[in-house]
Amino acid sequence: MSIISNSLKRIKPSPTIAVTQKARELRASGKDVIGLGAGEPDFDTPDNVKRAAIKAIKDGDTKYTAVDGTPSLKKAIVKKFKRENNLKFTADQITAGTGGKQVLYNAFMATLNKGDEVIIPAPFWVSYPDMVLLAGGKPKIVKCGEADGFKLTPQLLKKAITKKTKWLILNSPSNPTGAGYSKKEINDLAKVLVKHKNVHILSDDIYEHISYDKFKFYTIAQVSKLKDRTLTMNGVSKSYAMTGWRIGYAAGPKDIIKAIGKIQSQSTSNPSSISQAAAVEALNGNQSFIKKRSKAFKERRNFVVQSLNAIEGISCLTPNGAFYVFPSCKGLLNKKTGLKTDTDFVQKLLEKSNVAVVQGSAFGLDGYFRISYATSMQNLKKAMERIRSFCESL
């Protein structure tokens with residue numbers, strides 16, 4: 001009898017973390033690898049946030065806190081939702097966890113029973129299906145093609161809903177595609193959801209502040225009548241370059257928030273008291289740097305999209321937000337190149353040209369690959385040249 005739980009047989013290690021780790025190992029061995037796999041801003045945490053953390057340490061704010069967040073953090077989150085999304089919540093409708101990933105995991109563990117279905121539009125963030133599986137639920141993957149901008153349509157949603165559907169996950173702007181849902185697109189989905197009272201919505205808004213051009217962010221609880229069955233998740237990791245601080249949060253129905261707190265009380269307990277103090281400053285402090293950083297991301301996006309579309313066999317849509325592009329490599333998967341799958345493409349690119357990207361199949365859609373442009377323009381210029389040379393050599 002194995003000591004390892006059978007539930008682990010249902011899941012796989014994170015492909016994005018695996019790619020990042022592989023790139024680290026190759027660099028450690030002396031290879032000049034450019035890693036474009038990590039979903040992490042290359043900017044530093046703002047100084048005012050760092051100072052708030054140092055002050056918390058000096059003030060002795062280093063003890064256990066309330067399981068799901070300090071009163072000051074919950075107050076800052078309530079203010080954020082009101083200020084930026086015109087959503088009114090009370091403290092007992094807020095939970096804070098050790099990163100957005102834990103908040104999502106807690107939500108599934110707290111609500112899913114065996115056989116409950118969770119609709120996950122593909123391409124999807126790699127962890128969604130595995131978290132659902134660990135909680136005993138059933139991921140229902142709905143493939144959203146390039147023709148629809150990689151976004152879920154009302155027709156696809158309507159077809160996917162069954163009596164067993166408990167959640168729909170909406171991620172906008174999206175990881176891995178950067179696609180954002182307009183206000184109209186969200187409202188069109190809401191018209192379908194209103195008719196199905198058994199379906200709750202988990203809105204993953206982690207890339208809310210990283211958007212470009214004239215795209216305006218909306219979250220579904222803000223523009224529909226579905227607030228009472230929506231869990232709106234966000235965090236400080238992406239917008240504030242605080243990935244390592246591990247603070248995510250969510251707002252939603254009191255019974256779900258209470259259940260999430262119960263799960264957290266028997267797992268990690270509270271997030272770091274110091275990180276919570278830093279997050280309070282992040283949410284309450286000066287926000288002007290976010291637009292400046294988004295401007296830098298936009299410059300990188302434009303360069304990467306233009307460079308990729310100039311390569312024969314590669315095509316790439318221009319995303320609305322986040323810091324990813326999701327180009328197609330289908331034009332290079334043929335007998336002439338000897339490449340059959342996007343995994344073949346990604347592996348050969350790393351092997352021959354020392355550029356690490358993630359295969360689209362890891363995100364639920366074959367024939368594509370994900371590039372994170374959350375790195376320096378110098379690295380991106382080198383990477384694009386290497387990708388071009390690699391593709392031309394096939």
Side-chain angles (χ1 to χ4, degrees), residues 4-18 39 95 97-144 150-152 156-172 174-177 189 192-193 196-207 220 226 229-235 248-250 252-253 255-257 259-264 266-268 358-366 370:
I4 306 302
S5 165
N6 286 335
S7 63
L8 285 184
K9 295 177 182 177
R10 298 197 292 264
I11 67 169
K12 58 188 180 302
S14 168
T16 51
I17 292 175
T95 185
T98 308
K101 182 178 279 191
Q102 186 191 24
V103 174
L104 295 172
Y105 179 81
N106 286 348
F108 292 134
M109 291 296 293
T111 61
L112 291 179
N113 296 309
K114 186 176 180 180
D116 285 344
E117 294 176 353
V118 178
I119 296 173
I120 304 175
F124 48 70
W125 178 48
V126 294
S127 292
Y128 292 145
D130 291 289
M131 288 192 287
V132 170
L133 289 166
L134 273 175
K138 181 181 178 183
K140 189 157 189 178
I141 308 302
V142 179
K143 292 186 184 294
C144 304
F150 301 118
K151 289 181 279 189
L152 183 67
L156 288 171
L157 174 59
K158 193 180 301 184
K159 188 177 179 181
I161 294 174
T162 71
K163 292 180 180 179
K164 294 182 179 180
T165 305
K166 184 164 276 188
W167 287 100
L168 161 69
I169 299 176
L170 278 180
N171 177 209
S172 173
S174 158
N175 176 3
T177 67
L189 294 174
V192 176
L193 293 163
H196 299 274
K197 296 184 178 181
N198 59 308
V199 182
H200 284 69
I201 303 93
L202 206 162
S203 186
D204 182 348
D205 299 351
I206 200 74
Y207 295 97
I220 193 165
L226 297 167
R229 47 188 168 107
T230 299
L231 184 69
T232 304
M233 192 282 292
N234 213 315
Y249 57 84
D255 55 343
I256 295 177
I257 296 298
I260 287 173
K262 190 174 182 180
I263 293 285
Q264 193 158 303
Q266 296 295 1
S267 54
T268 60
V358 188
Q359 64 272 25
S361 52
F363 305 97
L365 206 63
D366 297 341
R370 190 193 76 172

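Panel note: side chain Lys164, backbone Gly115; no donor-acceptor pair is recorded below 3.5 Å. In this structure, Asp204 contributes its side chain and Ile206 its backbone to a donor-acceptor pair below 3.5 Å. Between the Ser5 side chain and the Ser7 main chain, a donor and an acceptor come within less than 3.5 Å of each other. In terms of modelled atom types and a separation under 3.5 Å, the side chain of Asn234 and the main chain of Asp205 share a donor-acceptor contact.
The CG atom of Asn106 lies 5.5 Å from the OG atom of Ser267; values are rounded to the nearest 0.5 Å. Rounding to the nearest 0.5 Å places CD1 of Ile120 at 9.5 Å from CG of Leu168.
For Asn6, the side-chain hydrogen bond (donor to acceptor under 3.5 Å, both in side chains) test picks out Lys9, with sequence neighbours left out. With sequence neighbours left out, Thr177 forms a side-chain hydrogen bond (donor to acceptor under 3.5 Å, both in side chains) with Ser174. Residues meeting the side chain to side chain contact (heavy atoms under 4.5 Å, CB included) test with Ala259, sequence neighbours left out: Ala110. Residues meeting the salt bridge (charged side-chain N to carboxylate O under 4.0 Å, His left out) test with Asp366, sequence neighbours left out: none. In this structure, the side chain to side chain contact (heavy atoms under 4.5 Å, CB included) partners of Phe363, at least two apart in sequence or on a different chain, are Thr16, Pro123, Val126, Asn175, Pro176, Phe326, Val358, Arg370. In this structure Lys12 satisfies the salt bridge (charged side-chain N to carboxylate O under 4.0 Å, His left out) test together with Asp130, sequence neighbours excluded. Evaluation of the salt bridge (charged side-chain N to carboxylate O under 4.0 Å, His left out) rule for Lys101 yields no partner, not counting sequence neighbours. Residues satisfying the side-chain hydrogen bond (donor to acceptor under 3.5 Å, both in side chains) test with Lys140, not counting sequence neighbours, are none. Under the side chain to side chain contact (heavy atoms under 4.5 Å, CB included) criterion, Ser172 pairs with Tyr181, Phe215, sequence neighbours left out. Lys197 meets the side-chain hydrogen bond (donor to acceptor under 3.5 Å, both in side chains) test with no other residue; sequence neighbours excluded. Not counting sequence neighbours, the partners of Thr268 by the side chain to side chain contact (heavy atoms under 4.5 Å, CB included) test are Thr98, Gln102, Gln264. Take Tyr105 and apply the ring-ring contact (aromatic ring centres under 6.0 Å, His included) test, not counting sequence neighbours, and it matches no residue.
Nearest heavy atom pair, residue Asn198 against residue Thr165, reads ND2-O, 3.0 Å. Minimum interatomic distance between Pro139 and Val132 (heavy atoms only, all atoms of both residues): N-CG1, 3.7 Å.
Looking only at atom types and distance, the side chain of Tyr207 has no donor-acceptor partner in the side chain of Asn171 under 3.5 Å away.
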Exercise for review: Please assess Asp116 against Trp167 for the test side chain to side chain contact (heavy atoms under 4.5 Å, CB included), listing each intermediate value before the final yes or no.
Suggested key: CA-CA 9 Å; Asp116 285 344; Trp167 287 100; over 6 Å; no
